[in-house]
Every structure is written in C-alpha cells, then in structure tokens.
> 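The following block contains the structure, expressed as structure tokens.
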Amino acid sequence: MKRFAVFIFVTLCAHGGAGADTVLVADFRAERDTLSLGLPYLVARVLNNVSGCQAILPDAPPQDVVARLYDTEGLAEFNEAARLRVEAGADRILLGRAAPSGAPGASTVFFYLAGADGSRPEAFGADIAEDGCIPALAEWAAGKIAPAPARTPPPMPPALLPVFSRGLRLLRAADPERAARALPADAHPRNADVRFLLGRAAALRRKPYAALQLFTEATNLDPSFASPAYREGLLWASLDRPSLAEAAFDRAARIQPSFFEALLESGILKTARGDFAAAEGTLRRALAMRPISAEARYRLADCLARAGRENQARALLADLVEARRDLGPARLLLARLLFQAGDYAAAEAQARAAARLMPNDPDARTLLADALSRQGGYNRHAEAAVQLQRAIWLRERGAGAAP
C-alpha cells in the first residue's frame with residue numbers, strides 16, 4: 001500500500017487543553033464517502049483507544065452536517081463548528097476537507113482542530129495516493145489530536161472502505177433497509193465494524209435480537225471496540241431488561257474507561273436498583289469527564305437524594321438550576337427536597353417553575369399544590385385546589401392514553 005505524504009503541519013494557535021476529554025469528529029467536506037465519512041469514522045476509532053479521550057461522531061444526516069460546517073467552497077465555518085461542539089458536549093471539534101490532487105484517486109486532505117477558547121484552530125494536512133492509504137492517514141491524524149499511545153485503526157481492506165462508507169451514509173440518513181443491503185453480511189463476516197453497522201441497521205428495523213447477536217459478534221471480533229456493548233445496553237434497556245443493560249454498559253466502560261454515555265447509563269440503572277454507592281462512583285466518573293453536563297449533574301443529585309443525602313443533593317441542584325434555568329426535572333427534584341426540608345416558599349417557587357417548563361407533568365402540579373396548601377391563607381388554598389384538580393386531570397388523561 002502506498003504511503004501518504006505529509007505536506008504541512010502548521011499550528012496557528014496553541015490549544016490550551018491538550019488533555020481534552022471529548023473530541024467531536026465531524027463529517028468532512030469531500031466528494032467521496034470514503035473521505036467524508038469513512039476517514040472521520042476511522043479517526044474516531046483510533047482516538048477511542050487513547051487513554052482519557054473520547055471521540056464522538058454526529059448523528060445527523062451527513063449532508064446536514066456538511067451544509068452546517070462548510071461553505072460552498074469547502075472552507076470551515078468555525079462559528080457553526082463552535083455551536084455544534086457545545087451542543088455535543090465536546091471539548092474540541094475536528095473538521096476536514098479533501099480535494100482531488102491530480103492523479104486518479106489521489107487527494108489532499110486538510111484537518112482543522114478547534115478548541116473551546118475561541119482561538120484560531122490548529123491545522124495540518126497530507127496528500128494521499130489512494131483510498132488504501134486512509135487507515136494509515138487516520139492513525140496519523142489521531143496522533144496529532146491526542147499524542148498518546150494509540151492502537152492502530154481497525155482492519156479496513158481497500159475494497160471494503162467504499163462499501164462501509166456508503167452503508168454508514170445510508171444509516172445516518174435513517175435508511176436502514178438500504179444500509180443493510182449495502183453491507184451484505186456474508187461478504188465481510190470477520191469485520192467488527194461491518195457487524196456493528198449491521199447491528200445498528202437491525203435495531204432501526206425493529207429486529208432487536210438480531211441486532212444483539214450482531215453486536216456480540218462485533219465485540220468478539222474486536223474486544224477493544226466499546227460501541228457494540230454500549231448499543232447492546234441500549235437495546236436491553238428498550239426491552240425492559242435492566243440487569244442485562246447495566247452489564248452491557250459496564251462492559252463498554254471497562255473496554256473504554258472514558259465512555260461518558262456508558263458510564264451515565266450505568267449510573268442511572270444502578271441508582272434505580274438502589275446500589276447508591278456504586279451509582280455515585282460511576283456517575284462521578286462520568287461527571288469528571290464532562291463537568292458541565294447537566295444530565296450527569298442531575299443524575300448524581302437524584303442518586304444522592306435517594307441515598308438519603310438530601311443536603312448534598314440540594315446543593316448540586318441549586319447550582320444546576322442557576323446555570324440551566326430550563327431544566328424542569330431538576331427543578332422538580334429540588335422542589336421536592338425543599339418541601340421535605342420544610343422550606344415551603346422555596347419549594348413553591350421551584351415547583352411553579354417546573355410546572356411552567358413541564359405543563360403536562362402531574363407531579364409538578366401536585367407538589368405545587370402541596371407547597372401552596374402548607375403555607376396557608378385563602379388565596380393559596382384556592383390556587384392549591386386548582387393545581388390539584390389539574391394534576392388529577394393530567395393523570396386521568398395519561399391513564400386513558402395508556403394501552
């Protein structure tokens with residue numbers, strides 16, 4: 001296989017957080033799926049084997065991501081990139097564009113690595129002679145992003161890369177039927193990434209047990225690949241098998257200790273079954289990865305509250321709702337804890353905010369009614385009755401809608 005040639009590595013501005021936990025690897029601007037989707041996928045696969053790093057990929061249709069992040073000439077739109085990075089909860093975002101460089105199959109690939117501080121990005125690039133060079137290019141690019149010992153990319157034969165990239169495009173475009181046809185199972189029985197994509201397609205086609213089998217096969221083929229175990233956990237959870245889901249999430253987190261989503265889901269399930277010590281440890285690991293994650297902070301507060309550590313839970317929630325005023329569940333939990341502590345006026349304020357944010361939630365209305373009635377006075381009792389009637393109506397409507 002021909003080697004790619006590095007032609008430029010220019011650091012326009014040093015990145016302030018070389019140890020950033022999470023990198024969003026966006027779709028690249030390129031004419032071929034192998035470069036626009038296959039190359040970012042392989043970069044992410046390598047990064048996810050770097051200690052303390054997590055690479056995430058967009059879920060939106062590829063054309064939407066490209067239209068958002070690049071102008072008509074293929075130049076990066078860094079303001080949009082910053083917004084997408086924040087939405088995804090990532091510390092940095094990797095952009096890229098490729099253009100033909102003369103010889104058939106040859107391309108020039110530019111990479112742009114943007115951070116959280118708003119400075120100009122780091123830029124580097126290379127020439128590649130053919131698609132067969134892409135796995136080596138992915139390994140090289142990952143080393144520029146997270147310069148730490150990393151495993152080589154997964155096996156991706158040159159003939160497979162275009163087929164795999166097309167399947168990935170169809171899957172991202174919510175077309176699992178065509179994605180499954182693009183990736184015939186018998187043609188690549190020993191490739192973990194193909195089995196993984198086929199499993200995702202089966203899940204979208206509402207064939208959960210076929211998907212579970214494919215995810216197991218993918219993990220067996222590549223024990224360092226954490227995503228199949230995570231997807232297995234999501235499927236078991238959808239089938240109301242929480243113990244199997246928790247085991248799968250834990251397995252994903254053992255394979256890839258920096259897998260935020262796996263840690264978060266595992267912590268939620270541990271909380272639900274009452275293992276609060278294990279849940280707290282798992283959720284704190286997730287929160288250490290993404291300290292500003294509203295979901296992780298809320299779930300940790302919920303765990304502490306259920307464990308009887310209401311003061312710590314209230315402190316966490318007070319900070320959270322101050323930073324994120326649009327979080328109805330966090331306000332409802334804080335209102336409940338304030339009510340239990342006898343601070344009925346503060347409980348009323350939070351329950352009222354929760355009811356405004358979640359107008360169809362009967363629990364928010366019930367708690368608001370309780371907080372009002374505990375404070376006494378004709379007007380408060382009258383409003384409490386109105387809120388309680390609303391809560392009863394919402395519950396009856398919900399019960400009527402249930403199968």
Side-chain angles (χ1 to χ4, degrees), residues 23-49 54-70 84 88 93-98 107 109 111 128 131-135 137-139 141-142 153-205 207 210-211 214-215 217-219 221-222 225-232 234-235 261:
V23 181
L24 174 62
V25 184
D27 302 335
F28 292 174
R29 177 65 179 258
E31 294 181 358
R32 305 197 305 273
D33 284 347
T34 52
L35 290 170
S36 64
L37 294 172
L39 177 56
Y41 177 91
L42 291 173
V43 171
R45 283 280 268 127
V46 179
L47 286 174
N48 281 332
N49 284 278
Q54 184 188 10
I56 55 179
L57 293 161
D59 286 328
Q63 63 270 20
D64 295 348
V65 176
V66 169
R68 178 172 179 178
L69 294 181
Y70 307 94
L84 182 60
I93 183 169
L94 179 71
L95 307 177
R97 63 184 176 95
S107 300
V109 183
F111 299 89
I128 61 170
D131 281 356
C133 304
I134 288 176
L137 177 61
E139 183 180 8
M156 189 68 70
L160 173 58
L161 188 58
V163 176
F164 178 85
S165 301
R166 173 172 168 74
L168 183 59
R169 171 176 287 279
L170 291 168
L171 192 64
R172 287 266 305 279
D175 193 345
E177 298 287 346
R178 292 177 65 199
R181 290 197 297 272
L183 294 163
D186 55 350
H188 311 285
R190 305 297 300 170
N191 187 277
D193 295 271
V194 170
R195 311 310 283 179
F196 174 61
L197 287 198
L198 287 170
R200 293 197 60 183
L204 288 172
R205 294 163 69 195
K207 297 182 177 181
L214 287 160
F215 291 147
E217 291 173 7
T219 301
L221 288 167
D222 185 353
F225 190 10
S227 294
Y230 172 70
R231 292 287 174 175
E232 181 185 332
L234 293 178
L235 272 178
E261 291 81 7

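The chain is numbered in sequence order, starting from 1. What you see below is based on every heavy atom in this structure, not just the backbone, and it leaves out hydrogens, waters and symmetry mates.
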> Taking all non-hydrogen atoms of both residues, which atom of A173 and which atom of P62 are closest, and how far apart?
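Residues A173 and P62, closest heavy atoms: N-CD, 4.4 Å.
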
> Using a cut-off of 6.0 Å, state whether more than 12 heavy atoms not belonging to Q63 lie near its atom CD.
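Enclosed.
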
> Should R172 and D33 count as an ion pair when the cut-off is N to O under 4.0 Å?
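No, no charged N to carboxylate O under 4.0 Å.
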
> Carefully, step by step, assess R178 and R166 under the rule side chain to side chain contact (heavy atoms under 4.5 Å, CB included).
CA-CA 10 Å; R178 292 177 65 199; R166 173 172 168 74; 3.2 Å; yes

> Checking Y70 side chain against G96 main chain: does a donor-acceptor pair fall under 3.5 Å?
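At least one qualifying donor-acceptor pair exists.
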
> Show the numbers, then the answer: is there a side chain to side chain contact (heavy atoms under 4.5 Å, CB included) between R68 and V65?
CA-CA 5 Å; R68 178 172 179 178; V65 176; 5.9 Å; no

> Tell me whether R97 contacts the main-chain N or O of F111 through its side chain, where contact means a donor paired with an acceptor under 3.5 Å.
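No, because the side chain of R97 does not come within donor-acceptor range (under 3.5 Å) of the backbone of F111.
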
> Evaluate the side-chain proximity of L47 to L94: yes if any heavy-atom separation is below 4.5 Å, no if none is.
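With C-beta onward as the side chain, the pair stays apart.
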
> Checking I128 against L35 for the side chain to side chain contact (heavy atoms under 4.5 Å, CB included) test, could you report, in this order, the C-alpha distance in whole Å, the side-chain angles of both residues, the deciding distance, and whether it holds?
CA-CA 11 Å; I128 61 170; L35 290 170; 3.8 Å; yes

> Let me confirm one number: the CD-OG1 distance from E232 to T219, rounded to the nearest 0.5 Å.
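With rounding to 0.5 Å, CD (E232) is 6.5 Å from OG1 (T219).
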
> Give, for atom CG of L235 and atom CZ of R200, the distance between the pair rounded to the nearest 0.5 Å.
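If I round to the nearest 0.5 Å, the distance is 10.5 Å.
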
> With side chains defined as the heavy atoms from C-beta onward, is the minimum distance between T34 and L39 less than 4.5 Å?
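Sidechains of L39 and T34: no contact.
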
> List the atom of L161, the atom of G38, and the distance in Å for their closest heavy-atom pair.
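So the minimum-distance heavy-atom pair works out to CD1-CA, 4.4 Å.
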
> What's the shortest heavy-atom distance between S36 and A30, and which atoms?
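Heavy-atom minimum between the residues: N-CB, 3.8 Å.
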
> Of all the heavy-atom pairs spanning L183 and G167, show the shortest one and how long it is.
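Nearest heavy atoms, L183 then G167: CD1-CA, 4.0 Å.
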
> Taking all heavy atoms of V25 and all of P58, pick out the closest pair and write down the distance.
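Looking at all heavy atoms of both residues, the shortest contact is O-CD, 3.3 Å.
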
> A side-chain contact here means heavy atoms from C-beta on lying under 4.5 Å apart; do V46 and P153 qualify?
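Of all side-chain heavy-atom pairs linking P153 with V46, at least one is under 4.5 Å.
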
> For a quick test of reading the model, state the closest non-hydrogen atom pair linking A159 to P162 and the distance between them.
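Nearest heavy atoms, A159 then P162: O-CD, 3.6 Å.
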
> Is there a side-chain contact between R32 and D131, using heavy atoms and a 4.5 Å cut-off?
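R32 reaches D131 side chain to side chain.
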
> Within the distance-only criterion (no hydrogens, no angle test), does the side chain of N49 pair as donor or acceptor with the backbone N or O of R45 below 3.5 angstrom?
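Checking the backbone N and O of R45 against the side chain of N49, a donor-acceptor pair under 3.5 Å is found.
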
> Does any non-hydrogen side-chain atom of L197 lie less than 4.5 Å from one of L168?
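L168 reaches L197 side chain to side chain.
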
> How long is the gap from CG on L84 to CD1 on I93, to the nearest 0.5 Å?
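One gets 4.5 Å once the value is rounded to the nearest 0.5 Å.
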
> Going from CZ on R195 to CG on L221, what distance comes out if it is rounded to the nearest 0.5 angstrom?
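Going from CZ on R195 over to CG on L221, the span is 7.5 Å.
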
> Heavy-atom distance under 4.5 Å between the side chains of Q54 and N48, does that happen here?
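In contact.
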
> Report the distance from atom OG of S227 to atom CG of D193, rounding to the nearest 0.5 Å.
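Rounded to the nearest 0.5 Å, the OG-CG separation comes out at 9.0 Å.
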
> Taking the side chain as every heavy atom from C-beta outward, state whether V163 and V194 have any pair of such atoms under 4.5 Å apart.
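No, side chains not in contact.
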
> Take the angle between the ring planes of F196 and F215 and call it parallel below 30°, perpendicular above 60°, tilted in between.
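F196 vs F215 ring planes: tilted.
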
> Return yes if some donor-acceptor pair links the side-chain N/O of D175 with the main-chain N/O of L170 below 3.5 Å, else return no.
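No; zero donor-acceptor contacts below 3.5 Å.
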
> From L42 CG over to L137 CG, what is the distance, rounded to the nearest 0.5 angstrom?
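L42 CG to L137 CG: 9.5 Å, rounded to 0.5 Å.
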
